Amino acid sequence: MTLTSTASPQQAEIDALRSRITTQLEQDTLNLPLLPVVATQVLQLSGDPNADVTKLSTLIQQDQALAAQILRIANSPAYASRSPIVSLQQAIAWLGMNMLAGLAFSVSVQSGVFKVKGYEKEVQTLWHQALATGLYGKEIARRKRHNVENAFLCGILHTIGKPLLIHLMLQNNEHSSDQPSWTIMDSIIQEFSIVAGTKLAKAWQLPEPVQEAIGFYPDGAYDLATSPTKGAMITCLADHLATAIVDPTAPDEEAMRALQVVQDLNFYPEDMDAIFELKDTIQQSVSSFVA
Amino acid sequence: MSSSTSYDLIVIGSGPAGQKAAIQGAKTGKHVALIEQTREVGGACVYHGTIPSKTLRETALKMVQFLQATDVFDFRMRDDIKISSLMTRLDKVVRAHGEFMKEQINRNGIDRFHGRAQFHSAQEILVQGLDGTPTMLSAPLLVIATGSRPRVPDNIPIDHENILDSDSILSLVYLPKSLTVLGGGVIASEYASIFALLGVQVTMVDTADRPLKFLDPELTDQFCHAFQETGGQYRGEQKINTVAWDGFSKVTTSFENGETLESEKMLVALGRVANIEHLNIQTAGLTPTSRGLISVNDQCQTTVPHIYAVGDVIGPPSLASCSMEQGRRAVCHALSLDSGDAPEHIPMGIFTIPEMSSVGLSEQDAIDKYGGALVGRANFHEIARGQISGMTNGLLKLVADANGEKLLGVHIVGEGATELIHIGQMGLLHNIAIDRFVDNIFNFPTLAEAYRVAALDIAKQRKK
């Protein structure tokens with residue numbers, strides 16, 4: 001592509017941002033934020049067959065904000081038990097180990113890693129979408145008899161590169177009085193989120209199937225994934241479904257039925273019907289998690 | 001929808017039974033259509049059954065062999081061993097097997113259709129593609145080979161996450177600390193022994209007093225002993241009240257006697273059901289049996305003469321080996337071809353740890369049929385090869401008539417049992433005398449020597 005001298009100021013700004021991000025990604029000078037200690041430990045626990053309620057409870061108690069979030073979610077309409085959840089232990093038992101581990105990780109990353117002042121709403125939409133992807137992923141995996149826990153984790157982390165890019169773009173502009181517009185940032189996010197996510201996943205040593213899902217979840221790429229858990233393929237469809245929850249302009253159900261990934265998952269019309277029926281439940285759960 | 005495409009033979013299902021039926025038809029020069037609802041050919045046998053469980057078993061055994069060789073190798077199994085690393089090998093095996101079968105089908109000029117089949121009439125099949133696109137096929141001859149899937153009992157909330165069936169158990173990505181296995185049949189016993197060997201605390205639960213009741217008790221005794229040695233426990237004569245996931249970390253099983261059992265995961269292996277619900281068989285004039293199977297005669301012919309059914313949809317023995325033969329013979333019968341003698345003495349192989357295999361009459365069957373029996377035994381620890389290979393827990397049992405002359409049955413427990421059984425099978429097929437095992441020479445040192453030792457055991461029991 002040739003840049004002309006008549007490029008708009010907005011295009012010039014995009015090009016400048018792109019150039020900085022590209023350099024950082026290519027030259028390995030990416031200033032990756034450290035994974036919060038709590039998130040690291042939660043992630044380790046979620047994959048540890050020896051993990052027990054006491055360990056996780058102790059861990060969550062170390063982070064007051066996280067504990068409060070967990071209690072709030074456990075008491076939300078989507079998850080409320082017959083009697084009110086009044087203790088963390090009770091909340092943990094009610095939500096379940098795997099759901100809790102995923103949530104705790106998500107919440108702690110969300111609140112602790114990326115400073116995105118001024119774009120809280122946009123970032124929250126990204127997390128809504130990621131959580132919905134995780135929840136849809138679970139149901140797709142259940143239907144395909146693939147690993148449900150792995151599908152959830154792949155889903156909630158598949159777009160981890162997006163908030164990272166926002167963080168980096170704002171960091172690059174910290175001395176500037178004018179922060180880039182969301183339109184500009186979004187174009188950079190679309191272009192670099194997979195590369196950035198892959199880099200972050202590697203740096204954080206996320207489980208291999210999750211790294212694979214982050215790198216290969218888009219349409220046409222999941223065939224490159226080799227994990228028997230099929231996390232990338234499952235996340236691909238889950239991502240489309242989740243996008244429809246957060247974006248009213250997303251393709252409708254009929255368009256989604258025609259996706260290649262639906263064919264590749266060997267989903268028949270009744271399989272998709274069953275998945276579409278989960279929309280309200282998932283929407284309610286997502287609202288509970290991230291409200 | 002346009003008019004139907006005509007074939008000489010339509011086979012529904014590409015598992016072992018359907019595949020052999022289709023190939024038999026194609027080799028006879030017939031124009032064959034093979035319909036499969038999944039993308040891959042091979043059926044549950046390849047993707048959820050025989051092939052994956054045996055691959056997992058082999059990998060587990062290899063790991064244990066390594067562990068047993070710590071005096072030679074500086075080897076230690078990682079505490080966080082993930083089952084997914086075992087499954088990666090499984091995935092490769094399954095893919096390779098699937099590709100091989102696809103090639104075989106293509107080579108034989110069989111037309112493959114990907115979609116769900118349902119009878120439109122007794123000779124017409126409507127195939128619904130993944131996108132709902134219908135295709136109509138017709139043929140004067142049809143074979144139903146749609147296989148089976150795990151049964152889901154009404155009172156057990158299988159979620160494929162914590163309470164799994166024999167399909168979803170293969171999706172585990174880490175080894176649980178504990179596993180309750182519901183059932184005492186082949187699938188339950190196979191997985192129970194594999195997971196126990198991998199260090200999982202396994203408890204088998206069943207209504208029967210011992211697992212695999214259809215087998216010789218001496219074989220199951222050895223299996224139970226080996227299972228217990230790896231930390232496994234069998235809880236027989238148990239009736240379940242409820243099974244529930246506590247929402248956090250354990251599955252609780254409550255028994256009618258008031259006891260409870262807790263485990264991290266549960267495998268439900270309480271039988272299988274035939275895949276006939278999408279077929280609309282009533283349109284073809286067929287009615288399922290009370291057990292949801294398709295009723296057939298000795299030639300696998302249904303009550304509608306031009307429709308045959310083979311494999312798991314017709315019920316036991318539900319062995320891949322038998323299903324293949326059923327597929328071949330059904331098509332031979334339909335095309336009035338000579339299919340050879342009906343198979344006798346079909347061996348049964350159970351891939352538990354240790355393996356078990358059986359052919360011919362059991363000791364009790366022989367007594368009932370012939371009024372008496374002589375039994376010869378060879379323990380693997382008496383055989384040089386058994387000692388060399390460290391396979392000291394094994395038994396080969398020959399069943400002869402009351403005079404100890406005629407071979408009637410062979411029952412083996414121990415590694416290699418499913419291969420070793422074929423010597424006995426050939427002996428039975430050729431009505432060989434017990435003394436043939438005594439008079440002939442086997443390779444030394446091999447486990448086949450056990451035949452000779454067991455035959456000698458019978459010989460010395462004969463009345464002078």
Side-chain angles (χ1 to χ4, degrees), chain A residues 44 46-57 74 79 81 89-101 138-139 141-153 207-210 226-231 254 257-260 262-272, chain B residues 36-40 44 47-48 52 79-95 114-116 128-133 149-150 158-162 164-179 199-201 245-250 264-265 278:
Chain A
Q44 280 168 355
S46 68
D48 177 5
N50 296 314
D52 60 28
V53 62
T54 320
K55 281 186 195 171
L56 197 62
S57 172
Y79 284 90
S81 65
Q89 192 83 4
Q90 196 186 2
I92 290 169
W94 183 245
L95 288 172
M97 177 78 166
N98 301 316
M99 174 66 76
L100 193 77
K138 278 182 75 157
E139 299 311 320
R142 212 188 298 281
R143 221 167 164 79
K144 289 300 298 175
R145 307 292 186 265
H146 286 305
N147 189 273
V148 175
E149 300 165 43
N150 179 74
F152 179 64
L153 207 52
E208 274 173 33
V210 177
T226 56
S227 168
T229 56
K230 303 273 185 272
E254 282 315 302
R257 285 179 196 273
L259 290 168
Q260 183 59 41
V262 174
Q263 308 268 316
D264 290 342
L265 282 163
N266 208 60
F267 266 11
Y268 282 86
E270 57 267 37
D271 294 311
M272 288 304 287
Chain B
E36 172 56 54
Q37 69 166 350
T38 64
R39 297 188 72 78
E40 306 86 4
Y47 299 96
H48 297 292
D79 293 336
D80 65 338
I81 179 76
K82 288 187 177 171
I83 199 169
S84 56
S85 59
L86 306 180
M87 293 302 178
T88 302
R89 177 166 183 263
L90 187 155
D91 199 48
K92 284 179 189 161
V93 171
V94 164
R95 278 177 198 230
H114 178 196
R116 276 195 180 135
Q128 185 209 23
L130 280 171
D131 59 359
T133 309
R149 64 182 183 282
I158 296 175
D159 60 6
H160 305 291
E161 188 174 1
N162 306 294
L164 306 128
D165 64 19
S166 57
D167 286 356
S168 47
I169 191 79
L170 293 164
S171 74
L172 286 179
V173 291
Y174 58 84
L175 289 172
K177 276 191 293 186
S178 54
L179 177 74
V200 179
Q201 190 189 325
W245 165 245
D246 74 348
F248 176 63
S249 62
K250 59 182 184 288
E264 189 180 334
K265 302 274 181 192
H278 293 295

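Every value quoted in this text rests on a predicted model; they were computed, and no experiment measured them.
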message = Heavy-atom cut-off 4.5 Å, strictly under: side chain, backbone, both or neither for Glu270(A) against chain B?
response = side chain
query = Considering only heavy atoms, which portion of Asp159(B) lies under 4.5 Å from any heavy atom of chain A: side chain, backbone, both, or neither?
reply = both
Smallest separation among heavy atoms of Arg39(B) and Gln263(A), with atom names = NH1-O, 2.8 Å
ask   = Would a distance-only check, ignoring hydrogens and angles, find a side-chain to backbone donor-acceptor pair under 3.5 Å from Tyr268(A) to Gln37(B)?
value = yes
query = Does Arg257(A) pair with Asp131(B) as a salt bridge, N-O distance under 4.0 Å?
reply = no
task = Would you mind checking which part of Glu40(B) comes under 4.5 Å of any heavy atom in chain A, side chain (CB onward), backbone (N, CA, C, O), both or neither?
result = neither
inquiry  = I need the Arg142(A) CZ to Ser171(B) OG distance, nearest 0.5 Å.
reply    = 10.5 Å
ask   = Which heavy atom of Pro269(A) sits nearest a heavy atom of Gly129(B), and at what distance?
value = CD-O, 4.5 Å
Minimum heavy-atom distance Leu130(B)-Phe267(A), with the two atoms named = CD2-O, 3.4 Å
key: Arg116(B), part contacting chain A, at a heavy-atom distance under 4.5 Å   = both
ask   = Hey, what do you get for CD (Glu36(B)) to CG (Asn266(A)), rounding to the nearest 0.5 Å?
value = 8.5 Å
key: Euclidean distance, His160(B) NE2 relative to Asn147(A) CG, rounded to 0.5 Å   = 12.5 Å
query = Going by heavy atoms in the side chains, are Leu170(B) and Arg145(A) under 4.5 Å from each other?
reply = no
